[in-house]
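This structure is a prediction, so every number in the text was calculated from the model and none was measured.
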Amino acid sequence: DYICSCDAPATGMAAAAPATCVVDECAQNPCGTDQTCVDTEMSSTKFFDYTCTCKNGVAATGGPATCEVDECAFDPCGAGQTCEDPNESYTSQHDFKCTCDNDTSIVQVDGPATC
């Protein structure tokens with residue numbers, strides 16, 4: 001008797017027959033922080049078919065997604081102020097600007113302006 005097993009990173013084994021090997025590409029967290037990884041077809045022959053999905057729904061196949069966060073979406077400036085998020089990337093947070101509607105020279109970064 002013998003047992004066939006798969007070489008890492010593939011998993012699987014079978015007794016007295018070739019093993020069916022599968023690779024879970026999401027096991028090593030290729031998507032990074034705050035993204036969900038789904039390996040659409042775990043196999044030993046098909047690679048880079050996993051999908052990374054951001055919390056806001058942006059998705060990419062075969063690598064991390066470019067997640068964008070619109071910090072103005074939740075109206076952090078409040079009434080009488082206009083919010084501008086110049087860089088909506090996930091890695092560039094707390095860079096939104098609040099500008100007073102009645103005096104556009106008053107600007108505050110990362111919080112409501114004192115109007």
Side-chain angles (χ1 to χ4, degrees):
D1 291 339
Y2 60 91
I3 295 176
C4 298
S5 61
C6 304
D7 293 332
T11 59
M13 66 174 50
T20 301
C21 300
V22 296
V23 176
D24 180 2
E25 294 181 287
C26 292
Q28 299 298 318
N29 192 24
C31 298
T33 307
D34 293 329
Q35 295 188 35
T36 304
C37 181
V38 175
D39 195 351
T40 54
E41 185 179 331
M42 290 195 304
S43 74
S44 62
T45 59
K46 191 169 184 181
F47 297 101
F48 303 106
D49 64 334
Y50 61 92
T51 301
C52 298
T53 305
C54 303
K55 287 182 176 181
N56 64 357
V58 175
T61 300
T66 301
C67 299
E68 296 179 354
V69 177
D70 181 2
E71 295 178 291
C72 293
F74 300 103
D75 193 27
C77 299
Q81 298 184 36
T82 301
C83 183
E84 177 190 358
D85 190 0
N87 186 358
E88 294 182 359
S89 78
Y90 183 77
T91 57
S92 178
Q93 294 184 8
H94 306 292
D95 65 342
F96 65 92
K97 297 176 185 176
C98 298
T99 305
C100 298
D101 291 342
N102 62 356
D103 184 353
T104 57
S105 66
I106 300 174
V107 177
Q108 176 67 39
V109 176
D110 192 24
T114 304
C115 299

For residues 107-115, run the donor-acceptor check on the side chains, cut-off 3.5 Å, and write out each pair with its distance to 0.1 Å, sequence neighbours left out.
unit_1	atom_1	unit_2	atom_2	d
Asp110	OD1	His94	ND1	3.3

Here the gap from Gln35 atom CD to Thr51 atom OG1, rounded to the nearest 0.5 Å, amounts to 11.0 Å

- prompt: Quick check: are the SG atoms of Cys77 and Cys98 less than 2.5 Å apart?
  reply: yes

Any sub-3.5 Å donor-acceptor pair from Asp39's side-chain atoms to Cys26's backbone N or O?
-> no

Across all chains, not counting sequence neighbours, the side-chain hydrogen bond (donor to acceptor under 3.5 Å, both in side chains) partners of Asn102 are none

Cystine candidate Cys31-Cys52, SG separation under 2.5 Å:
yes

Across all chains, not counting sequence neighbours, the side-chain hydrogen bond (donor to acceptor under 3.5 Å, both in side chains) partners of Thr82 are Asp101

